[in-house]
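Below is one structure, written out as structure tokens; the observations come after it.
Computed over heavy atoms, backbone and side chain alike; hydrogens, waters and symmetry mates excluded.
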Amino acid sequence: MRKLLSVLAVSLTAIALVVGTAPISSSAASHREAPLISMDPTADITDFFMFRSYETDREDYIVLIMDVIPGEEPSAGPNYYNFDPSVLYSINIDNDQDGNADDVRFEFEFKTEIRGVVSQLDLFLSYVALPPITSLNGPGSEGLGLRQTYTVTMVRGNQRRVIARDLIVVPSNVGPRTMPDYESLVQQGIYELDDDGRVFAGQRDDPFYIDLGAIFDTLNLRNPGVDMLSGFNVHSIALEVPASWLTEDEEGPGETESPVLGGYASTSRRSTTVLREDDGRRETRGNWVQVQRLANPLVNEVIIGTEDKDRWNSLDPSQERRFLKYYLNPRLVTALEAVFGADAEPLVDLRDVFLTYTPGRYNRLSELLRLDVSVEPVPLASQSPLTILAGDNAGWPNGRRPIDDVTDVAIRVVGGPNFATAGDNVNANDLPLLDVFPFLPTPWDGLNRIHQNPTGATPPPSPTPIVTGTVTGTPGTPTGTQTGTMSVTVPPSVTGTATATVTRTTTPTGTPTSTPPLIVTQTELLPDLAIETVKIELEVIGCFSPGSVMGVRVFFDNIGAAASSSFVVNVNGATQTVSALPANAGGAVFFASAGNPVTVTLDSTGLVTESNEANNTFSGMVPVPTAPLPCTPTFTPAP
């Protein structure tokens with residue numbers, strides 16, 4: 001892998017010095033990438049991440065994450081998303097570089113129960129605020145009617161060992177009334193393993209970012225691009241274990257003589273499914289059969305041909321030689337050249353990137369995500385989404401982190417010099433990533449989720465916009481040029497102005513052509529986040545009661561003309577994420593133990609483009625109220 005990184009680094013440095021035509025293009029990650037798996041979402045792996053932990057003081061641990069169930073709409077009740085008890089979810093590791101990822105394996109199996117008040121009252125909802133769900137187990141979990149648990153088994157060679165049993169899955173994020181403190185549920189769902197390992201299973205925000213709609217409209221790219229996965233969630237299995245659990249000699253990153261690992265995620269189903277005639281239940285029997293695998297992103301999407309995608313999913317990565325033609329003659333090259341009319345030539349042999357541990361040695365081909373654990377991790381704040389293109393060797397294809405813009409990196413490597421600046425113009429996830437386990441953002445809740453839309457996007461116009469104007473010039477003259485200014489009447493639903501200039505050139509045959517096409521610019525409707533007031537007060541207003549603490553409460557409004565996406569509120573260095581805020585709506589967040597002087601910043605990470613950025617900050621002293629008396633219960637006599 002070190003040789004591979006060196007080859008890539010040299011090649012990518014060279015491309016950075018080349019000035020090409022650089023058309024814009026992109027492709028998708030593993031979201032509905034093959035015909036059969038697109039009909040089986042609970043077994044569909046959207047992404048696989050493998051990286052050395054960049055959490056402070058956790059550098060000797062390796063993080064393995066598999067995401068499943070693409071396109072989870074947060075508000076899709078009453079049956080929210082869950083892991084499938086009939087699917088075996090696995091993460092497979094090769095630590096001796098023989099191309100067979102059978103040296104270490106982690107298996108995750110799930111169970112589902114109907115319980116609590118949902119079962120007692122035979123309700124139609126899986127999750128109810130009776131009372132609000134504040135715990136995964138015991139008091140406060142009564143409303144958690146559909147609850148999943150899971151078992152984790154580690155297989156090393158021929159040794160199988162259950163390393164965790166009956167852990168509780170963090171449920172889908174229904175909304176603030178049902179789950180008033182979802183983050184506390186997340187923390188309860190992070191479980192300790194031996195040797196300070198950790199595991200988590202539950203819903204997270206989909207961390208992949210890409211303009212899917214533009215890409216699949218025959219590469220109809222735009223600038224700026226739109227993260228079409230914004231506002232959607234996935235189900236994640238996150239595992240953090242000591243590197244010594246994975247290496248061949250069972251040593252850590254600094255001591256091991258076998259630092260390069262290969263890995264992939266897989267889902268499997270039993271070979272036989274029986275539908276019971278009496279109650280319609282399914283029973284599964286027989287051996288496990290692999291239905292999907294994922295190592296490197298984009299392989300099944302843009303390298304493997306459509307006719308082979310389902311077969312590819314069913315085979316072990318060590319059998320990749322069967323699909324060698326796709327690596328030697330990449331179809332993405334053909335597509336780039338056909339659409340943009342520019343030569344595409346991969347910087348390196350794709351076998352070296354995806355199929356081998358040592359470039360040039362092709363006797364053992366296996367499609368694995370490879371990670372050199374001896375490469376030091378880079379803190380999240382210093383990571384580059386363009387990874388090795390920007391000199392960050394701790395990212396893909398050396399493993400893969402959530403921040404890595406694998407789309408742009410892959411296009412530039414496969415496209416070559418003419419695609420040196422190619423991309424989909426989507427450069428970050430819709431929610432900020434975490435620098436602590438489980439590293440993926442909190443999922444959108446069903447009440448407040450927001451899906452991004454193109455800037456200035458409007459519903460299909462009705463009636464069709466009317467174009468009026470005058471043209472000056474002499475049509476039909478072979479060498480003549482006609483110029484004119486056209487005005488465009490914008491549909492009443494759009495606020496703004498629109499202008500365009502059209503240059504017409506007459507060809508020798510008298511056939512007029514227009515270059516460029518009509519361009520309409522509209523004034524964008526934007527949110528405007530503003531601080532209303534800042535107070536120091538009790539968390540529970542009124543009187544001292546058990547658990548009520550003093551802190552800072554920030555009241556804010558969106559006084560703009562459009563809804564905002566999620567944003568981060570920072571008070572004296574502590575942060576909280578607000579999911580979203582409709583236009584003309586307000587909200588508040590409480591920071592326990594924060595005190596004078598108080599410094600507040602709305603949208604501290606710059607996620608929201610606003611019409612006014614000057615009203616997002618406050619800094620100063622805030623009056624501290626006189627402590628109220630303890631709560632004294634009052635009683636009303638019975639009539």
Side-chain angles (χ1 to χ4, degrees), residues 1-16 25-30 33 47-51 94 97 99 101 259-265 293-305 312 317-336 344-373 375 384-401 404-417 419-420 422-423:
M1 174 58 88
R2 292 173 181 172
K3 293 182 180 179
L4 171 58
L5 290 175
S6 177
V7 170
L8 286 174
V10 172
S11 300
L12 297 173
T13 300
I15 193 175
S25 181
S26 185
S27 253
S30 185
E33 89 293 343
D47 289 291
F48 174 54
F49 302 98
M50 180 168 67
F51 56 93
D94 172 24
Q97 300 189 26
V260 182
L261 307 173
Y264 77 101
R293 61 177 164 111
L294 179 62
N296 288 280
L298 309 172
V299 169
N300 204 0
E301 290 79 4
V302 301
I303 292 181
I304 306 302
W312 184 93
S318 62
Q319 301 184 50
E320 202 70 11
R321 186 174 296 277
R322 301 186 184 191
F323 308 98
L324 186 57
K325 64 179 180 179
Y326 294 118
Y327 295 89
L328 298 178
N329 182 23
R331 273 47 175 177
L332 178 56
V333 168
T334 303
L336 292 174
E345 183 177 354
L347 296 178
V348 293
D349 192 315
L350 296 190
R351 293 174 294 179
D352 293 338
V353 179
F354 297 116
L355 306 184
T356 65
Y357 285 95
T358 303
R361 295 183 60 180
Y362 306 132
N363 56 322
R364 291 182 177 178
L365 301 181
S366 185
E367 197 278 299
L368 298 171
L369 181 62
R370 292 169 172 84
L371 172 67
D372 186 342
V373 301
V375 176
S384 171
L386 292 178
T387 66
I388 55 176
L389 285 166
D392 181 357
N393 291 333
W396 188 69
N398 184 28
R400 183 187 174 193
R401 305 165 305 193
D404 296 347
D405 194 345
V406 297
T407 299
D408 288 2
V409 174
I411 291 297
R412 298 178 191 192
V413 171
V414 174
F419 296 81

(message) I need the minimum non-hydrogen distance between Leu368 and Ala101, along with the two atoms involved.
(response) CD2-CB, 4.1 Å
(message) Using the side-chain contact (heavy atoms from CB on, under 4.5 Å) criterion, which residues pair with Ala344? Sequence neighbours excluded.
(response) Val333, Leu336, Glu337, Phe419
(request) Answer yes or no: is there a donor N or O on one side and an acceptor on the other, between the side chain of Arg293 and the main chain of Trp312, under 3.5 Å? (result) yes
(request) Apply side-chain contact (heavy atoms from CB on, under 4.5 Å) to the pair Asp94 and Tyr357, showing each step before the final yes or no. (result) CA-CA 11 Å; Asp94 172 24; Tyr357 285 95; 2.6 Å; yes
(message) Minimum heavy-atom separation for Phe354 and Arg370, please, with both atom names.
(response) O-NH1, 3.0 Å
(message) Suppose we screen for side-chain contact (heavy atoms from CB on, under 4.5 Å). Which residues come up paired with Arg364, at least two apart in sequence or across chains?
(response) Asp98
(request) First locate atom CG of Leu350, then atom CG of Leu355, and finally report the distance between them rounded to the nearest 0.5 Å. (result) 8.5 Å
(request) Kindly check if the number of other-residue, nucleotide or ligand heavy atoms within 6.0 Å of CZ (Arg361) is above 12? (result) no
(message) For Trp396 versus Pro297, what's the shortest heavy-atom pair and its separation?
(response) NE1-CD, 3.6 Å
(request) Please name the pair of heavy atoms, one in Pro330 and one in Pro346, separated by the smallest distance, quoted to 0.1 Å. (result) CG-CG, 4.4 Å
(request) Please report the closest heavy-atom contact between Ala422 and Ile411, naming both atoms and the distance. (result) CB-CG2, 3.6 Å
(message) Can you list everything that forms a side-chain contact (heavy atoms from CB on, under 4.5 Å) with Glu345? Sequence neighbours excluded, please.
(response) none
(request) Enter the distance from Tyr362:OH to Arg321:CZ here, rounded to the nearest 0.5 Å. (result) 11.0 Å
(message) Holding to ring-ring contact (aromatic ring centres under 6.0 Å, His included), I want the full list of residues that pass it with Phe51, two or more places apart in sequence or in another chain.
(response) Tyr54, Phe439
(request) Provide the closest heavy-atom pair for Val406 versus Leu298 in the form atom of the first, atom of the second, distance. (result) O-CD1, 3.5 Å
(message) Would Thr356 and Leu365 count as a side-chain contact (heavy atoms from CB on, under 4.5 Å) here? Give the steps.
(response) CA-CA 6 Å; Thr356 65; Leu365 301 181; 3.7 Å; yes
(request) Apply the side-chain contact (heavy atoms from CB on, under 4.5 Å) test between Asn398 and each candidate in Val373, Asp404, Leu371; give the one that qualifies. (result) Leu371
(message) Using side-chain heavy atoms (C-beta onward) and a distance below 4.5 Å, is Tyr327 in contact with Ile303?
(response) yes
(request) Kindly write out the residues that satisfy side-chain contact (heavy atoms from CB on, under 4.5 Å) with Ala295, not counting sequence neighbours, or none if the list is empty. (result) Tyr264, Glu367, Leu369
(message) I'd like to check Arg400 versus Asn296 (side-chain heavy atoms, cut-off strictly below 4.5 Å). Are they in contact?
(response) no
(request) Please collect all salt bridge (charged side-chain N to carboxylate O under 4.0 Å, His left out) contacts where either partner lies in residues 385-396, sequence neighbours excluded, each pair once. (result) Asp392-Arg401
(message) Nearest 0.5 angstrom please: Leu386 CG to Ile388 CD1, how far?
(response) 10.5 Å
(request) Enter the distance from Asp408:CG to Thr387:OG1 here, rounded to the nearest 0.5 Å. (result) 10.0 Å
(message) Going by the rule side chain to side chain donor-acceptor pair (under 3.5 Å), which residues pair with Arg322 if we only count those two or more places apart in sequence or in a different chain?
(response) Gln319
